[in-house]
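Note: hydrogens, waters and symmetry copies are ignored here, and every other heavy atom, side chains too, is used.
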Amino acid sequence: QVQLVESGGGLVQPGGSLRLTCAASRSIFNMNAMGWYRRRPGKQRELVARITRGGITTYADSVKGRFTISRDNAKNTMYLQMNSLKPEDTAVYYCNTEEYNLGSWGQGTQVTVSS
């Protein structure tokens with residue numbers, strides 16, 4: 001198993017940027033696809049961005065061109081760079097991995113976009 005801890009959230013104005021970090025308790029080099037998910041107010045959890053073991057990335061249409069997912073295997077970390085943030089990006093953001101069929105979720109990190 002692996003433990004994943006999200007950090008980097010906060011309060012930003014529309015148009016601002018944040019970088020979220022997902023720290024893993026062990027090597028992620030050979031781990032199945034990892035991804036960032038979010039739960040927006042009044043909505044169910046949704047996939048934001050996904051990155052495979054081979055580095056193939058996928059994004060939700062709502063964040064394409066604004067968010068970038070990446071991983072640093074040497075540091076056992078995954079990142080989500082968020083630019084041009086909008087109020088509708090306000091949510092609790094979670095990271096997870098398909099290695100364990102998304103069976104466990106952490107506390108996430110709160111992102112609030114407001115003026």
Side-chain angles (χ1 to χ4, degrees):
Q1 295 185 3
V2 64
Q3 284 71 53
L4 304 174
V5 180
E6 304 93 342
S7 64
L11 174 64
V12 297
Q13 294 186 336
S17 298
L18 282 175
R19 188 181 74 164
L20 306 184
T21 297
C22 175
S25 62
R26 68 165 177 83
S27 174
I28 64 171
F29 182 77
N30 290 317
M31 191 172 295
N32 285 351
M34 302 179 70
W36 287 96
Y37 302 76
R38 69 185 181 189
R39 187 185 296 277
R40 297 149 80 185
K43 299 182 179 180
Q44 297 196 59
R45 183 160 48 214
E46 62 185 326
L47 176 67
V48 175
R50 178 178 182 267
I51 184 167
T52 70
R53 184 167 47 210
I56 300 173
T57 58
T58 303
Y59 298 92
D61 288 342
S62 60
V63 307
K64 284 182 178 178
R66 300 188 297 118
F67 290 11
T68 303
I69 188 172
S70 62
R71 62 197 294 170
D72 187 335
N73 292 332
K75 296 182 177 180
N76 295 335
T77 55
M78 181 177 66
Y79 305 96
L80 184 67
Q81 179 65 48
M82 305 185 295
N83 299 325
S84 302
L85 284 162
K86 304 175 180 180
E88 50 263 45
D89 294 319
T90 295
V92 178
Y93 285 73
Y94 305 85
C95 63
N96 213 327
T97 174
E98 295 171 15
E99 180 77 12
Y100 306 105
N101 302 117
L102 306 178
S104 181
W105 298 90
Q107 297 185 25
T109 185
Q110 175 71 49
V111 172
T112 302
V113 185
S114 176
S115 59

Exercise for the section: Kindly work out whether a path of hydrophobic side-chain contacts (I/L/V/M/F/W/Y, heavy atoms less than 4.5 Å apart) joins Leu85 to Val63. Expected result: yes

Exercise for the section: Might you point out which heavy atoms bring Arg71 and Asn73 nearest each other, and give the distance in Å? Expected result: NE-OD1, 3.3 Å

Exercise for the section: State plainly whether one hydrophobic cluster holds both Val113 and Trp36, where clusters connect Ile, Leu, Val, Met, Phe, Trp and Tyr through side-chain heavy atoms under 4.5 angstrom apart. Expected result: yes

Fill in the blank from the handout: Rounded to the nearest 0.5 Å, the OG atom of Ser25 sits from the CD atom of Gln1 at a distance of 9.0 Å

Exercise for the section: Would you indicate whether the side-chain heavy atoms of Asn76 and Ser27 approach each other to under 4.5 Å? Expected result: yes

Practice task
Please round to the nearest 0.5 Å and tell me the distance separating atom CG of Asn96 and atom CG of Asn101.
Solution key: 10.0 Å

Exercise for the section: Could you pull out all residues at least two apart from Tyr37 that satisfy ring pair (Phe, Tyr, Trp, His ring centres under 6.0 Å)? Expected result: Trp105

Problem - Test item: Arg40 and Thr90 side chains (from C-beta on) under 4.5 Å apart, heavy atoms - result: no

Problem - salt_bridge(Lys86, Asp89) N-O dist < 4.0 Å - result: no

Handout entry: Distance, nearest 0.5 Å, that separates NZ of Lys64 from OG1 of Thr57
Key = 10.0 Å

Fill in the blank from the handout: For Tyr94 and Gly106, the nearest pair of non-hydrogen atoms, with its separation, is CE2-O, 3.4 Å

Practice task
Compare all side-chain heavy atoms of Met31 with those of Val2 and state whether any distance is below 4.5 angstrom.
Solution key: yes

Practice task
Could you please spell out the steps behind the side chain to side chain donor-acceptor pair (under 3.5 Å) verdict for Thr109 and Glu6?
Solution key: CA-CA 6 Å; Thr109 185; Glu6 304 93 342; over 6 Å; no

Exercise for the section: Decide whether Tyr79 and Met34 are clustered together by the hydrophobic rule: side chain heavy atoms of Ile, Leu, Val, Met, Phe, Trp, Tyr closer than 4.5 Å, transitively. Expected result: no

Practice task
Answer yes or no: is there a side-chain heavy-atom contact under 4.5 Å between Leu80 and Arg38?
Solution key: no

Quiz: residues 8-24 side-chain donor-acceptor pairs under 3.5 angstrom, not counting sequence neighbours:
unit_1	atom_1	unit_2	atom_2	d
Ser17	OG	Asn83	OD1	2.9

Practice task
Report the distance from atom OG1 of Thr58 to atom CG of Leu47, rounding to the nearest 0.5 Å.
Solution key: 7.5 Å

Problem - Pair Asn32, Arg53: side-chain N/O donor-acceptor within cut-off below 3.5 Å - result: yes

Exercise for the section: Compare every heavy atom of Gln110 with every heavy atom of Ala91, then report the nearest pair and how far apart it is. Expected result: O-NE2, 3.4 Å

Handout entry: Shared hydrophobic cluster for Tyr93 and Leu102 (ILVMFWY, side-chain gaps under 4.5 Å)
Key = no

Handout entry: Joint hydrophobic cluster, Leu4 plus Ile51, side-chain heavy atoms closer than 4.5 Å
Key = yes

